[in-house]
Amino acid sequence: FFRMADELVVTSWNIAAINNNPWEYWITYDENPKYTKLMEDIENFVESPEEKDVEVERIFSQEMFDRLMEEMKKVGWSGLDKVSEHWQKDYKGRKIISGFLKDKSIGAKRLASMPDRFTNTISLARPEGVQICRPSVINVYEANMMSTISSWYDAWIQFIFENSTTIKERDGSIVEKKIFQLFPKILKAKYPAISEEEEEISIPLQVMCLAIFDCILLHMMLTVSGNEWISIKDQLCEKLNKSKIERTCSILDTTYGESSVIALQECGAVFLEQIRQFGNMSHRFNVFSPVKMDRSRDQNSVILLNTAQFDAESATELTDDVLAELKKNHEKAPVAAGDLFVISVTANDVVNSNTKKFLIASFHGDTNGLATVPVVESLMNVYDAKYSDHCLIFCLDANTYLSPTSSQQGVAEFAKYFASRGLTSCFGDKPGAEHKTTFNARTFLQPQLNKACKSSEKAKGDNNPKDFVLFTVKHFTAHKWCKDNTGNREYKEDIVFPTLTFPSDHGVLSTALRPVAQ
């Protein structure tokens, strides 16, 4: 896949924000059969617990609950007598799998998932870039600190009630808060399943549920593997988390460094800092990112332009123009800060195209793809009104589905729409099953068990054509394309990913565009 003199090579990749939970998705890890056995044993524990489905108080003891109550009293939370009543009359007698992990009411009330979201992995405002983790199986907390329930609980109590974080306020000031101050009240208005009484005590109640939740996960790990899981987790964290940015940069540098345009989605600030100075990337590409970066989610769409092929000084951001058009017609479209990035730029003379003016966009769609067509519509409205003399290239994670539910964007309808606007894709006008760019499946070690896939049913996971390079049909044709889930321009259709060597749950997509003869 070498670039010919008259071709423009465009590469698009949702590099995927770093996943704090190394166990969340099934990964292809053929080198270590112990990983597969561990995950299958956890699956069997959850699906067929039998005598292992013991009461909560058998693993999260009365003594542990009493210690938690003492800590909650110290911080001055009210309603603790009611929390104690819920423990005595309800929670301590629940079965750990059928009555807790699989209980739909706990899920609907967000009593475990909400506190997990706020405390799983916390990015500090100062020092910037530093993260701290709650002692839990489902993040990158040092596993050797969790070799026993007792040592884990000591660390857990200290983290929740003694440790602090730094937060940037809206006015830019940085304040210090204890971890226990981060838990939000769970509002009945937003989550109707919760009762009014539970809403009143929702902060201490969710902390209790979080302690039970973390304890059950660790109990399962210790039961099925002793301490063997610790070394497996260390390996996963090293490859999927700690080395993810370096491996992502390496793939771009070594495999896609000859591209004319690289559009990326879900990029964090640390990644952008590293890619600007990584290997040959520093002199081969200029990196452009939105003026209004998403600093909280830290997931941004960006564009890298080959220094020999594009005039960096001519680049102008047009994101706000397209978002204004989107707001005018689709005010409720689920587009967050950083999801869309649009620039106009002038190509240098070495680029063979019918015009040297380019409009280039990078976009990360919402999970169900509901914003994808509205964003394409808004981009094309702006293009038709002001930039129709430009070549348009639009790289996106469209989050489209082969067999959509009523709340998902189907790939066929998406294709009909972009074709109606004078666009085509690197796959042509009718993308289908052979153009899948994702294949991932959730395990049983994550909070949403209703989305878990059995080891024998990974094919029921997310296996869809989601990533596209769109372009104006009047300017280009796609000479060839390749998709890649190995980092070596090879796509293995039958493996779930990420893998330990391929760090994203989206494949890389690259295409060679040739100008249409005028």
Between the main-chain N or O of Leu124 and the side-chain N or O of Thr165, is there a donor-acceptor pair closer than 3.5 Å?
no

Chi angles and distances behind the salt bridge (Lys or Arg N to Asp or Glu O under 4.0 Å) call for Lys460, Glu457:
CA-CA 6 Å; Lys460 292 182 179 179; Glu457 298 177 349; 3.5 Å; yes

How far apart are the C-alpha atoms of Met281 and Ile262, what are their side-chain angles, what is the distance that settles it, and do they pass the side-chain contact (heavy atoms from CB on, under 4.5 Å) test?
CA-CA 11 Å; Met281 299 299 284; Ile262 299 177; 4.2 Å; yes

Hey, is the main chain of Gly487 close enough, under 3.5 Å, to the side chain of Thr255 for a donor-acceptor pair?
yes

Could you tell me whether Glu43 and Lys454 make a salt bridge, using a distance below 4.0 angstrom between a side-chain N and a carboxylate O?
no

Just one of Trp13, Phe414, Phe394 clears the ring-ring contact (aromatic ring centres under 6.0 Å, His included) bar with Phe468, so which one?
Phe414

Anything under 30° is parallel, anything over 60° is perpendicular, the rest tilted; go ahead and classify Tyr29 against Tyr35.
tilted

With a 4.0 Å cut-off, would you call Arg442 and Glu24 a salt bridge?
yes

Ignoring hydrogens and geometry beyond distance, is a side-chain donor-acceptor pair present between Tyr256 and Asp484 at under 3.5 Å?
yes

Audit row: Glu199, Tyr191, side chain to side chain donor-acceptor pair (under 3.5 Å) steps and yes/no
CA-CA 10 Å; Glu199 177 183 323; Tyr191 303 104; over 6 Å; no

Answer yes or no: is there an ion pair linking Arg94 with Glu55, defined by an N-O contact shorter than 4.0 Å?
no

Carefully, step by step, assess Ile27 and Leu236 under the rule side-chain contact (heavy atoms from CB on, under 4.5 Å).
CA-CA 10 Å; Ile27 67 165; Leu236 295 181; 3.4 Å; yes

Hey, does the side chain of Ser250 reach the backbone of Glu246 with a donor-acceptor pair shorter than 3.5 angstrom?
no

Taking atom CD as the centre, does Glu197 end up with more than 12 heavy-atom neighbours from other residues, nucleotides or ligands that are less than 6.0 angstrom away?
yes

So, are Glu493 and Lys483 salt-bridged, with charged N and O less than 4.0 Å apart?
yes

Roughly how far, to the nearest 0.5 Å, is OG1 of Thr121 from CG of Asn21?
8.5 Å

So, do Pro503 and Ile251 sit near enough that their side-chain heavy atoms are less than 4.5 Å apart?
yes

What residue among Asp467, Asn399, Asn440 forms side chain to side chain donor-acceptor pair (under 3.5 Å) with His506?
Asp467

Scan side-chain atoms only and decide if Asp66 and Gln62 contain a donor-acceptor pair under the 3.5 Å cut-off.
yes

Is there side-chain contact between Ile230 and Ser147, with heavy atoms separated by less than 4.5 Å?
yes

So does Glu63 have more than 12 non-hydrogen atoms from other groups sitting under 6.0 Å from CD?
no

Atom pair CD/CG of Gln265 and Leu340 - distance to nearest 0.5 Å
10.5 Å

Does any non-hydrogen side-chain atom of Phe497 lie less than 4.5 Å from one of Thr486?
no

Quick one: is the NZ or CZ of Lys92 closer than 6.0 Å to the six-membered ring centre of Phe65, and within 45° of its axis?
no

Flag for Asp53-Ser98: side-chain donor and acceptor within less than 3.5 Å
yes

Do Ile59 and Ile149 have side chains that approach each other closer than 4.5 Å (heavy atoms only, starting at C-beta)?
no

With side-chain contact (heavy atoms from CB on, under 4.5 Å) as the criterion, how do Val137 and Asp214 come out once you've worked through the C-alpha distance, each side chain's angles and the decisive distance to 0.1 Å?
CA-CA 7 Å; Val137 167; Asp214 280 337; over 6 Å; no

Judged by atom type as modelled, is there a donor-acceptor pair below 3.5 Å linking the side chain of Ser289 to the main-chain atoms of Ile303?
no

For a side-chain contact (heavy atoms from CB on, under 4.5 Å) check, start with the C-alpha distance between Asn139 and Lys233, then their side-chain angles and the critical distance, and finish with the verdict.
CA-CA 9 Å; Asn139 57 27; Lys233 182 179 179 181; 4.2 Å; yes

Glu238 and Ser243: side chain donor to acceptor below 3.5 Å:
yes

Has Lys185 got more than 12 heavy atoms of other residues, nucleotides or ligands less than 6.0 Å from its NZ?
yes

Without swapping roles, check the side chain of Asn300 against the backbone of Met293 for a donor-acceptor pair under 3.5 Å.
no

Check for a donor-acceptor pair, side chain of Ser202 on one end and backbone N or O of Ile186 on the other, with a separation under 3.5 Å.
yes

Roughly how far, to the nearest 0.5 Å, is the NE2 atom of His435 from the OG atom of Ser425?
7.0 Å

Under the criterion side chain to side chain donor-acceptor pair (under 3.5 Å), I'd like the reasoning laid out for Asn368 against Gln409: C-alpha separation, chi angles, the key distance, then a yes or no.
CA-CA 6 Å; Asn368 290 330; Gln409 175 62 59; over 6 Å; no

Under a 3.5 Å cutoff, is there a donor and acceptor pairing between the side chains of Glu57 and Tyr91?
no

Would you check if Leu205 and Leu111 make a side-chain contact, meaning some heavy-atom pair closer than 4.5 Å?
yes

Between Glu70 and Arg67, does any side-chain N to carboxylate O distance fall below 4.0 Å?
no

Crowding at NZ, Lys188 (>12 non-hydrogen neighbours, <6.0 Å)
yes

Glu413 with Lys416: basic N within carboxylate O range, under 4.0 Å:
yes

Rounded to the nearest 0.5 Å, what separation is found between the CZ atom of Phe180 and the CH2 atom of Trp77?
7.0 Å

Apply side chain to side chain donor-acceptor pair (under 3.5 Å) to residues Thr28 and Thr499 and explain how you reach the verdict.
CA-CA 5 Å; Thr28 301; Thr499 66; over 6 Å; no

Given side chains that start at C-beta, do those of Asp116 and Ser113 come closer than 4.5 Å, heavy atoms only?
no

Check the pair Ser123, Gln131 against side chain to side chain donor-acceptor pair (under 3.5 Å), reporting the backbone distance first and the verdict last.
CA-CA 4 Å; Ser123 296; Gln131 292 183 320; 3.1 Å; yes

Rounded to the nearest 0.5 Å, what separates atom CZ in Phe159 from atom OG in Ser136?
10.0 Å

So do the side chains of Phe161 and Lys178 get within less than 4.5 Å of each other, counting heavy atoms only?
no

Cut-off 3.5 Å, side chains only: do Ser195 and Glu198 have a donor facing an acceptor?
yes

Quick one: does Lys436's side chain have a donor or acceptor within less than 3.5 Å of a partner on Leu402's backbone?
no

Below 4.5 Å, heavy atoms only, C-beta onward: do Ile138 and Phe213 meet side chain to side chain?
yes

Proximity of Phe341 and Phe363 rings by center, below 6.0 Å:
no

From Thr148 OG1 over to Asn227 CG, what is the distance, rounded to the nearest 0.5 angstrom?
8.5 Å

